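Encoded as structure tokens, the structure appears first; notes follow it.
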Amino acid sequence: MRVRILGAGIVGLSVADELIRRGHEVTVVDPAPGSGASYAAAGMLSPAGEAWYGEEELTRRCLTSLALWPDFAARLGVPVHTRGTLLVGVDAGDVQQVERQLAVLDLAGVSYERLVRRELLAREPGLGRIAGGAFLAEDHSVDPRAVVVALLERVGDRVGLDESAGRAGVDTNTVTVIATGAQLPAPYSSLIRPVRGDVVRVRTQEPVERTVRAWAHGEQIYVVPRIDSDEVVIGATTEERDGPLLPTVEGVWRMLDSARRVVPALDRASVVEVTSRDRPGTADNLPLVGPTHEPGVVLAAGAYRNGVLLAPLIAQLVADHIETGSVEPAVDPRRFRMKEDG
Ligand code: GLY
């Protein structure tokens, strides 16, 4: 097949890579590859840490995609940080939130290890005043920017600009895959709700050993270290707001204040970057993967908080759909009516 992919973020590039591997003729259209949500993402591969009530279907997809990551990362030559994730609560109310999350994991059949303060500090001596938490052994991370670089190398000069960028289904011999993150072209834009996230990148001589996800006096934050690097990503705000793609003082202040309570050594870290991007949310928080009402137009979108994690699964589903017409009902974009449909 000839396939034109709009969008060279992690999702679009993963779809491209999968289709190229399967022998298809691929072009990818993006004026600024890897500069959207993939650029901000912390890179958590975290089905358990992101699990929440009412999202069992999403958690299942995330677990399926997590299982694809070892082979995917090996193919790209990108290391996966496999030291697991600590989920901690700072005060009693925060520990209640942790317990709620663990109850969701019980329902999903995902294992975890509940830990008291002493045990948490033994695993991560850099933790500050925390009341309790758990260890999520299977929640890992990757460096999304390294993933983008590796994918761009593999996809090579098939990535570029083209005259028809932004228009879908212009050529009946070509399948168009739309993977443009939080900004879908018409008539699909109403299927996505952009959810703003600010993240801070710091450099520190005292990085945490593993990802720490925390509830800190009601704020949810995460601190994600890189393998063999002094970079740590602190995230993230979750804001249903429009406006210029710039971090707010309040968002960054609250996030850093919470992070430094959880990992006090962050007080000595150097801030190297503050980035703001929109997550591509959907009405049910499940992605949009598969056909649209337009023949030859396929969506690979709506990965919301799990774009990095879901990329290899979305790539497989899109490639399977293009080759066989298969569709997974739970993520079928046609489950939603577009506003333009009336
Ligand atoms: N997956 C983390 C975030 O979206 O902030």
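In what follows, every heavy atom counts, from backbone to side chain, and hydrogens, waters and symmetry copies are set aside. In each ligand, atom 1 is the first atom listed, and ligand 1 is the first ligand listed. These numbers were taken from a predicted model, which means no experiment stands behind them.
- Sorted by first then second residue, the side chain to side chain donor-acceptor pair (under 3.5 Å) pairs that include residues 303-315, not counting sequence neighbours, are E50-R305, T238-R305.
- Residue pairs meeting the salt bridge (Lys or Arg N to Asp or Glu O under 4.0 Å) criterion with at least one member in residues 21-42, sequence neighbours excluded, are E18-R21, E18-R22, R22-D320, R22-E323.
- Separation of atoms CG (L184) and CG (L288) is listed at 7.0 Å; rounding is to 0.5 Å.
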Expected list for residues 244-254: side-chain donor-acceptor pairs under 3.5 angstrom, two or more places apart:
| residue | atom | partner | partner atom | Å |
| --- | --- | --- | --- | --- |
| T248 | OG1 | G251 | N | 3.0 |
| E250 | OE2 | R254 | NH1 | 2.9 |
| R254 | NE | E219 | OE2 | 3.0 |
| R254 | NH2 | E219 | OE2 | 2.4 |

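- In the hydrophobic cluster analysis, where Ile, Leu, Val, Met, Phe, Trp and Tyr join through side-chain heavy atoms closer than 4.5 angstrom, V212 is grouped apart from V224.
- Hydrophobic clustering (side-chain heavy atoms under 4.5 Å, transitive across Ile, Leu, Val, Met, Phe, Trp, Tyr) keeps V195 apart from Y188.
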Exercise answer, ligand 1 polar atom pairs (N/O) under 3.5 angstrom:
| residue | atom | partner | partner atom | Å |
| --- | --- | --- | --- | --- |
| ligand 1 | 1 (N) | E50 | OE2 | 3.0 |
| ligand 1 | 1 (N) | R305 | O | 2.6 |
| ligand 1 | 4 (O) | R279 | NE | 2.7 |
| ligand 1 | 5 (O) | Y222 | OH | 2.5 |
| ligand 1 | 5 (O) | R279 | NE | 3.4 |
| ligand 1 | 5 (O) | R279 | NH2 | 2.7 |
| ligand 1 | 5 (O) | R305 | NH2 | 3.4 |

